[in-house]
Enquirer: 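I'd like to ask you about the structure that follows.
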Amino acid sequence: MCLAVPGRVLEIEERDATRMAKVDFGGVVKDVCLEYVPDMQVGDYAIVHVGFALQRLDEESAKQTLELFENLGVLEEEFGDAWGKAARDAGAERPAGTELPGAGDTPVEPADKEARS
Amino acid sequence: MKYLDEFSDPVLAKRLFDDIRAVTTQPWSLMEVCGGQTHSIIRHGIDQLLPEEIQLIHGPGCPVCVTPLEIIDKALEIASRPDVIFCSFGDMLRVPGSGRDLFKVKSEGADVRVVYSPLDSLRIAQENPDRQVVFFGIGFETTAPPNAMTVYQAKKLGISNFSLLVSHVRVPPAIDAIMNSPDCRVEAFLAAGHVCTVMGTGEYPGLAEKHRVPIVVTGFEPLDILEGIRRAVRQLESGQHTLENAYPRAVQAGGSPAAQAMLADVFEVTDRSWRGIGMIPQSGWRLSPKYREYDAEYRFSVTGIDTEESTVCRSGEVLQGLIKPHECAAFGKECTPRNPLGATMVSSEGACAAYYLYRRLEAPNKEASSVG
Ligand code: SF4
């Protein structure tokens with residue numbers, strides 16, 4: 001939760017008078033609030049923390065960081081199955097009602113797979 | 001050099017290590033404030049590759065670790081209520097309260113949900129108008145603006161079944177407290193980059209001057225950390241104590257004005273207790289009076305909580321950089337990620353967990369016994 005992960009803005013829309021975007025984090029797409037970096041455009045990269053863009057980032061740094069995070073397993077930790085991880089760590093059964101994927105998860109194929117490999 | 005090939009750019013890493021070695025003439029102790037930095041340092045063995053004179057001390061910058069036990073116990077009590085949907089980030093699930101954790105409470109039937117963003121919990125509140133939805137709002141200056149925005153939105157949209165259990169903390173007062181401690185060994189700080197992305201660097205020159213301590217704003221990738229160390233050591237060796245920004249791609253001096261404005265509207269600065277450390281004046285935020293109706297502590301009036309902290313756990317000393325995790329007698333024995341005695345063993349950014357994950361094979365308790 002502590003880290004902020006770079007992602008690329010795919011599309012932007014107004015929702016409840018708030019600027020929201022779909023952002024691609026190396027294949028995982030999440031809803032992200034743009035209110036703190038209001039001039040973000042489609043195609044820009046941002047550092048995103050808990051669903052909020054905090055700062056624009058240049059494309060090269062963004063891709064490097066994303067690749068590093070993927071190798072470190074940070075992306076899995078940030079977007080993956082938190083109950084499954086907690087159950088593994090505890091050496092216990094996962095609690096009832098946690099079988100479904102978490103709210104808002106939309107795994108997709110990375111659009112720029114080659115660029116990142 | 002051992003492990004060097006693990007760096008994203010081994011050539012640049014070697015240059016930085018060589019440069020640090022070339023300027024170092026005497027022992028120095030540097031504290032990295034951010035838990036993400038600690039994780040990166042231990043994972044890449046940066047502390048072992050540095051010249052012997054340079055000691056890295058791990059700081060209190062893990063929000064999960066410093067959330068006070070009392071707040072965890074309040075979270076567990078609120079989450080247990082049948083009318084409540086309790087939303088949290090995933091890394092809070094196994095932080096021990098006095099005897100239980102959110103994972104256990106969920107296993108017993110409570111409606112605890114993991115969300116990616118605080119805004120997800122607002123949506124859950126809209127979808128469940130007959131339930132109370134509570135979001136567990138912890139974290140440093142990086143996490144506070146998203147949580148502030150969520151409360152602001154709740155008010156704007158008239159969502160009255162939402163509230164925030166808030167325990168936000170601020171880094172600069174913690175640096176001040178660490179420097180004021182009579183046992184303090186820290187001679188320079190690597191400040192937490194993403195905290196500065198939001199707040200800017202304005203609070204640090206005064207601290208550097210007051211305590212005559214170099215402060216270098218640093219990212220958390222291995223090369224960022226090396227660059228931060230290089231600049232801090234250069235300052236120490238030349239007797240300087242100023243603020244430097246070694247993470248300019250993410251940090252501007254003024255930070256994020258929009259986020260700061262939201263923080264000023266929704267929160268007010270307050271004294272906060274840090275788990276294992278104790279009260280640090282003016283080191284946190286709570287909801288301002290204008291938003292008090294969204295404060296879960298008021299809404300559920302959780303009082304009369306008797307906390308019971310582990311008598312064995314020394315995480316407070318770990319968080320202040322007074323001991324290293326493996327100097328705790330319980331490390332790797334009674335205390336493991338499966339059976340954590342302290343939050344620093346639970347959170348992936350916690351220093352004890354980082355040592356357990358990456359240093360387990362190095363007979364950690366040998367050193368512990370020599371320390372006593
Ligand atoms: S090893 Fe465990 S008991 Fe010891 S300080 Fe760390 S969390 Fe506490």
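Throughout, protein chains are lettered first and strands after them, A, B, ... in sequence-line order, and every chain is numbered starting at 1.
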Enquirer: Does the side chain of A/T65 come within less than 4.5 Å of B/E221's, by heavy atoms?
Expert: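 Heavy-atom side-chain distance check passes, below 4.5 Å.
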Enquirer: For the CD atom of A/E60 and the CZ atom of B/R249, what is their distance to the nearest 0.5 Å?
Expert: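 Result: 10.0 Å between the selected atoms.
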Enquirer: Side-chain contact test, heavy atoms from C-beta onward, threshold under 4.5 Å: evaluate it for A/F52 versus B/P145 and give yes or no.
Expert: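 They are not in side-chain contact.
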Enquirer: Is B/E108 close to chain A through its backbone or its side chain, or both, or neither, when contacts mean heavy atoms under 4.5 Å?
Expert: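 Neither the backbone nor the side chain of B/E108 comes within 4.5 Å of chain A.
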Enquirer: Heavy atoms only, distances under 4.5 angstrom: which of B/L157, B/V198, B/L102, B/N147 has the most pairs with chain A? Name it, please.
Expert: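 If we count pairs closer than 4.5 Å to chain A, B/L157 comes out on top.
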Enquirer: Indicate yes or no: at least one non-hydrogen side-chain atom of B/L119 is less than 4.5 angstrom from one of A/M20.
Expert: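 The answer is yes, as the side chains (C-beta and beyond) meet within the 4.5 Å cut-off.
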Enquirer: By a 4.5 Å heavy-atom criterion (distance strictly below it), what part of B/K156 contacts chain A: side chain, backbone, both, or neither?
Expert: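 Answer is side chain: those atoms of B/K156 sit under 4.5 Å from chain A.
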Enquirer: Between the side chains of B/S256 and A/Q55, is a donor N or O closer than 3.5 angstrom to an acceptor N or O?
Expert: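 No, no side-chain donor-acceptor pair sits under 3.5 Å.
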Enquirer: Output the option from A/D81, A/T18, A/V32, A/V37 having the highest count of non-hydrogen pairs under 4.5 Å with chain B.
Expert: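 Greatest number of close heavy-atom pairs with chain B: A/T18.
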Enquirer: Heavy-atom count around B/Q252 CD within 6.0 Å, excluding the residue itself: above 12?
Expert: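 Check fails, neighbour count at 12 or below.
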Enquirer: Give a yes or no on whether the backbone of A/K30 and the side-chain of B/Y116 come within a donor-acceptor separation of less than 3.5 Å.
Expert: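 It does not hold such a pair.
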Enquirer: Between B/P340 and chain A, which part of the residue has a heavy atom less than 4.5 Å away: side chain, backbone, both or neither?
Expert: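 Neither; nothing under 4.5 Å.
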Enquirer: Provide the closest heavy-atom pair for B/M149 versus A/C33 in the form atom of the first, atom of the second, distance.
Expert: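 Heavy atoms only, the tightest pair is CE-SG, 4.4 Å.
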Enquirer: Can you tell me how far the CZ atom of B/R123 sits from the CZ atom of A/R15, to the nearest 0.5 Å?
Expert: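 So the gap between those two atoms works out to 9.0 Å.
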Enquirer: Check whether A/L54 gets within reach of chain B through its side chain, its backbone, both or neither, counting any heavy atom under 4.5 Å.
Expert: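 Both backbone and side chain of A/L54 come within 4.5 Å of chain B.
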Enquirer: Return the minimal non-hydrogen interatomic distance between B/R94 and A/A90, and the atom names on each side.
Expert: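 Closest approach of B/R94 to A/A90, heavy atoms only: NE-CB, 3.3 Å.
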Enquirer: Which heavy atom of A/W83 sits nearest a heavy atom of B/V114, and at what distance?
Expert: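 Closest approach of A/W83 to B/V114, heavy atoms only: NE1-CG2, 3.4 Å.
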Enquirer: Which heavy-atom pair separates A/V50 from B/S117 by the least distance, and what is that distance?
Expert: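 Closest approach of A/V50 to B/S117: O-OG, 3.1 Å.
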Enquirer: Would you find more than 12 non-hydrogen atoms of other residues, nucleotides or ligands less than 6.0 Å from A/E93 atom CD?
Expert: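 No, because the 6.0 Å sphere around CD of A/E93 holds 12 heavy atoms or fewer from other groups.
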Enquirer: Would you call the rings of B/F220 and A/F69 parallel, tilted or perpendicular, taking 30° and 60° as the class edges?
Expert: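 Parallel, since the angle between the ring planes stays under 30°.
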Enquirer: State, to 0.1 Å, how close A/P95 and B/S107 come at their nearest heavy-atom pair, and which atoms those are.
Expert: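 Nearest heavy atoms, A/P95 then B/S107: CG-OG, 3.5 Å.
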Enquirer: Go through the atoms of B/V346 and report whether side chain, backbone, both or neither lie under 4.5 Å from a heavy atom of chain A.
Expert: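 Contact with chain A involves no heavy atom of B/V346 at all.
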Enquirer: So which atom in A/A92 and which in B/F103 form the shortest heavy-atom distance, rounded to 0.1 Å?
Expert: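 Result for this residue pair: CB-CE2, 3.9 Å.
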Enquirer: How long is the straight-line distance from OG1 of B/T336 back to CG of A/D89, given to the nearest 0.5 Å?
Expert: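 Atom-to-atom, A/D89:CG and B/T336:OG1 are 10.0 Å apart.
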